[in-house]
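Working notes, structure below.
Residue numbers start from 1 in every chain, and the chains themselves are labelled A, B, ... in the order their sequence lines are given, proteins ahead of strands.
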Amino acid sequence: MNLLPYLVTGWLFLAGLYGVVSSTNLIHTVVSLSVVQSATYVLLLTVGFRTGGTAPVFADIPLGTAVVDPLVQALASTDVVVGATVSALLLSLAIQVHKRSGTLNPDELRSLSG
Amino acid sequence: MSRRGRLAVFSVAGLGLAVLLVAAFLDARPFGTAFHPLGDASVRASLLERATANTVASITFDQRGLDTMGEEFILFAAVLGAAVLLRRDREEREAAAPDERREGRGQVGHMPEVIRLAGYLVLPFVVVVGIYVVAHGHLTPGGGFQGGVILATGLHLVYLAGDYPALRWLQTNRIFEVSEAAGAAGYVLLGLAGLAATGAFLYNVMPYGQLGQLASAGTVPLLNAAVGIEVGSGVVLLLAEFLEQTLVLREPGGNRRAGAGG
Amino acid sequence: MSAALLTPLMITLPIGMAALMVALGGRLPRRVLDVLATATAATVAALAVVLLVATATAPGRVIAWAGGWTPRQGMSIGIALVSDPISAGLAIIAAVLATAALVYSWRYFDAVDVYFHALMLVFLAAMCGFVLTGDLFDMFVWFELMSAVAYALTGYKIEEAQSVQGALNFGVTNSIGAFCTLIGITLLYDRTGALNFAALGANLAGQRPDALVVASFVLLVTGFLTKAAVVPFHFWTADAEAVAPIPVCALFSGIMVELGIYAVARTYWTVYSGTLPPSAIRGPLLAFGVLSAVVGGVMCLAQRHIKRLLAFSTVSHIGLFLVGVALLSPAGLAGTAVYILGQAGVEAALFLLVGVILLRLGAVSERDLHGRGGGMPITATLTIIGGVALAGLPPFATGLGKAITEDAGVTEGFGWLVAVFVGASALTAAAVLRMAARVFFGLGSPAAKDPTSRGADEDEGEEVEEVPTGGVPRTMLIPPAVLLATALGLGLLPGLGGAIGQIASDFFDRAAYASQVLGLPTPEPRTAAVHVSGFTAASVGYGLLSTGLAVLIAALTILRSRLPRWTLAVARAALPLLRGLRALHSGHVGDYAMWLVVGVVALGGAVSLILG
């Protein structure tokens, strides 16, 4: 069975997590989070694929043509919007962290320990 | 925890997670499977019952319209959140007032007139494309979210063309906040109209028309328009907050913030 | 079918009002915003009560299909809003707490433009959507909406470095959890081709739990456990609640984290109970619950920062809720439901009271506050009542919940859980009582520099917007008083235990849920109505024991300087452990992400091992 799309999902997920865990810059952390989210897009679209299917838009193809699963595409587009907005919020927070603490390095941000 | 310790623990845990995921993937259906019962049912419903050529749009705005309402309000909340988080604090408020008008100009240095002209010429085309994508969301790939982003970023051609004051005018005017809220409320009202008419929230109450025509799919084009307005305005507001941080706000003492624009 | 109109209205009313507020913008005076927001929240509460009554009558679930897409041939294309008494109850709690928080913030808060009120209303709508939905992906969407609003509200006080940092830690950790949940949802969709809870459950029933089913469960539940602040997904809690505005903290601790526990229970019972045997889930979830209870309790007692103290008490009690759910018996779930009923009000009330302290005295550390709270008798009394309710003193609803859960634990053969319940509630209550004793009565010597602290307590003092010269405003004391009174009243309610017992059994009935939602023929009704005990003699005893222990521990910590030397030596031996535990709470977002992955692997590994 063709595992490659699934393995890409796993790789993106873990690489993104590694980025978050090892990051020394909060912007890098937020972008790594986007990489983790990309894994969810890839998995959704992988699960929806049908061999020989075309795009599920019937503007110019005859009814009854085999198409890929449109449901996961709708879910993925919802996911994209969610991801973009959450990234915007986290980046706003990163800007403020930099303004207040003068640094973006999580190793140097120690005010919350204990 | 020290960096080395953290990476060591993560290596082990990450390996475990990889094993879990791969084991799950091995049990998943083969890539390209024909088993999509819900997708097939959605396609049939979209084409035969609701005359919507773009089945994804039918799912997004008709069959799973509640999800989309939640999603557009996530954008709404994020714009509110960015406005809250990037608001001017006391120091910035005091510093900005006298300087702003003077400093808002020429942020991107001297821009050749031909680029400015090119930006203004391309802008109407981009706006038309954006409106087209929103309006035809039920027929071809696209829709409110995609078209809204095109519209919002197209507006920023003005900024790219070097005319930041024009962009500032558009941004500081309350029009986008109102239009964003109106788009969001419009979606809710359309849903409540369905509730009032049939007792089901977000019921598709408009006539369905003929498949492939512009006037088809019932409320889907209207919902697309509402979302397009909301997303377009929301993205403009969001970008405005970030641009203001880099281009307008100054550190106390009047120095430009490090690494800002220009 | 008018009850089906309620659920969409409960969601659309707050978000519609939020949109309206933003459209009208700064033109509205503050008072109008307050009234509009509070009225909307109160209306949602009223609708939720009507919904609860509707669900209490047979057949027990109110179902509304969005878009009118009722199921055909067992296929559900649309999204169902399914409410049973438990979801209606949680919605009531959410709306009541939101109303209380909004009333409280009339005087507490210097709100910025219209944003605070709009965000709070959207938060309420998201919580209602989360409990009322019957579709897994829709639940994820409301989860993300809740989270986005939570990040913005946590970082509200942008001028403090700790505030934005705490919000960022919260944001990153919670997002990772959400993405894990989404992967789980996708895997489930791949296997079953469905997203509706009922359809998922019907499809999975009888299947052998292979790696995909286990992985999807573990990943799905990770996001919910992160939201619920279960150890080791809990690190964000203290950081976020230490810095978020008080009304927001009241909502977080009062209802938001409890929703994570609800989601775990709902997911297991509606989707996985036909395939994953209880034996595979019970052990691991119990372990996580006990771990949270213990870690939360110990960390709670060790805190000097009064908001972090309450945050860890939340973690500890969440652990106890998870234990009740993890017993996987109707009595256990009933116990947790009653416990949440009481605890929500108590936690929120305690946060609101801490807010009063902050407003009047302008500091967050017990050291800075020592003895300065002398002129606040009502606040002091309410705080002590809150502390005692935290310990589960009968007849508070918290005590009743503990009683039912402890009894369920004994019935299932886990008698030692009683010790966990008594211990955790004693530790958290002791912390609150100690705080009250130090702040309001100046008992004991001012706390010396804490040898295990890593700096979080040495806070510069929370920035407050106004310090009223007169007494504490009534609008700030009435909400906590009402909430505590409700917690007491619910415990006194006759027949609550029995009613919740039946509700819990229905919650477990996957087949009835599926048949009602999907319109299939109803199977034979469940025969056995589960017997749920009320206050037995033993449980009253345990409640009194917890309270007594709490008072004792509080007294011991206050009178530290007068204790005999050997006790101090014992305590000193435990210091390295405590120091290590506190060091783990490093404030570093990379650490939190690492612990999340560790938690996922631990849960996945445990479940896989049990299944063999």
Review point. Can A:Leu7 and B:Val22 be said to form a side-chain contact (heavy atoms from CB on, under 4.5 Å), step by step?
Key: CA-CA 7 Å; A:Leu7 293 178; B:Val22 171; 4.2 Å; yes
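- With respect to chain B, the highest number of heavy-atom pairs below 4.5 Å among A:Ser92, A:Gly10, A:Gly52, A:Ala74 belongs to A:Ser92.
- Residues of residues 69-79 of chain B having a heavy atom under 4.5 Å from any heavy atom of chain A, listed by number: B:Glu71, B:Ile74, B:Leu75, B:Ala78.
- A:Arg50 contributes no side-chain N or O that, together with a main-chain N or O of B:Gly32, makes up a donor-acceptor pair within less than 3.5 Å.
- Using a 4.5 Å heavy-atom cut-off against chain A, the contacting residues of residues 139-149 of chain B are B:Leu139, B:Thr140, B:Pro141, B:Phe145.
- Contacts between B:Leu238 and chain A at a heavy-atom distance below 4.5 Å involve the side chain alone, from C-beta outward.
- Atom CG of B:Leu85 is separated from atom CG of A:Leu93 by 5.0 Å, given to the nearest 0.5 angstrom.
- The part of A:Ile95 that comes within reach of chain B is its side chain, from C-beta onward, which places non-hydrogen atoms under 4.5 angstrom from that chain.
- A:Leu17 places a side-chain heavy atom less than 4.5 Å from the side chain of B:Phe10.
- With rounding to the nearest 0.5 angstrom, the CG atom of B:Leu211 is 9.5 Å from the CZ atom of A:Phe58.
- Heavy-atom pairs under 4.5 Å with chain B were tallied for A:Leu43, A:Val57, A:Thr24; the largest tally goes to A:Val57.
- Nearest heavy atom pair, residue A:Tyr6 against residue B:Arg29, reads OH-O, 2.9 Å.
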Point to revise | side-chain contact (heavy atoms from CB on, under 4.5 Å) between B:Leu17 and A:Phe13, intermediate numbers included | key: CA-CA 10 Å; B:Leu17 184 59; A:Phe13 200 72; 3.9 Å; yes
Practice item. Let me see the working for A:Val72 and B:His36 under side-chain contact (heavy atoms from CB on, under 4.5 Å), right down to the final yes or no. Key: CA-CA 10 Å; A:Val72 292; B:His36 300 288; over 6 Å; no
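- Scanning residues 51-65 of chain B against chain A with a 4.5 Å non-hydrogen threshold yields B:Ala53, B:Asn54, B:Thr55, B:Val56, B:Ile59, B:Thr60, B:Arg64, sorted by number.
- Taken from CZ in B:Phe25 to CG in A:Leu4, the straight-line distance is 11.5 Å, to the nearest 0.5 Å.
- The candidate with the highest count of non-hydrogen atom pairs below 4.5 Å against chain B, out of A:Thr51, A:Thr9, A:Val47, A:Val80, is A:Thr51.
- Contacts from residues 59-67 of chain A to chain B, taken as heavy-atom pairs separated by less than 4.5 Å, involve A:Ala59, A:Leu63, A:Val67 in sequence order.
- Once rounded to the nearest 0.5 Å, the distance linking CZ of B:Phe242 with CG of A:Leu91 reads 5.5 Å.
- Between B:Val43 and A:Pro70, the closest heavy-atom pair is CG2-CG, 3.6 Å.
- With hydrogens and angles disregarded, a donor-acceptor distance shorter than 3.5 Å links the side chain of B:Arg6 to the backbone of A:Val21.
- For the atom pair CG of B:Leu7 and OG of A:Ser22, the computed distance is 6.0 Å after rounding to the nearest 0.5 Å.
- The part of A:Pro5 that comes within reach of chain B is its side chain, from C-beta onward, which places non-hydrogen atoms under 4.5 angstrom from that chain.
- Counted within 6.0 Å of OH on A:Tyr18, heavy atoms from surrounding residues, nucleotides or ligands total 12 or fewer; the atom is thus considered open.
- Taking OG of B:Ser11 as the start and CG of A:Leu14 as the end, the distance is 11.0 Å to the nearest 0.5 Å.
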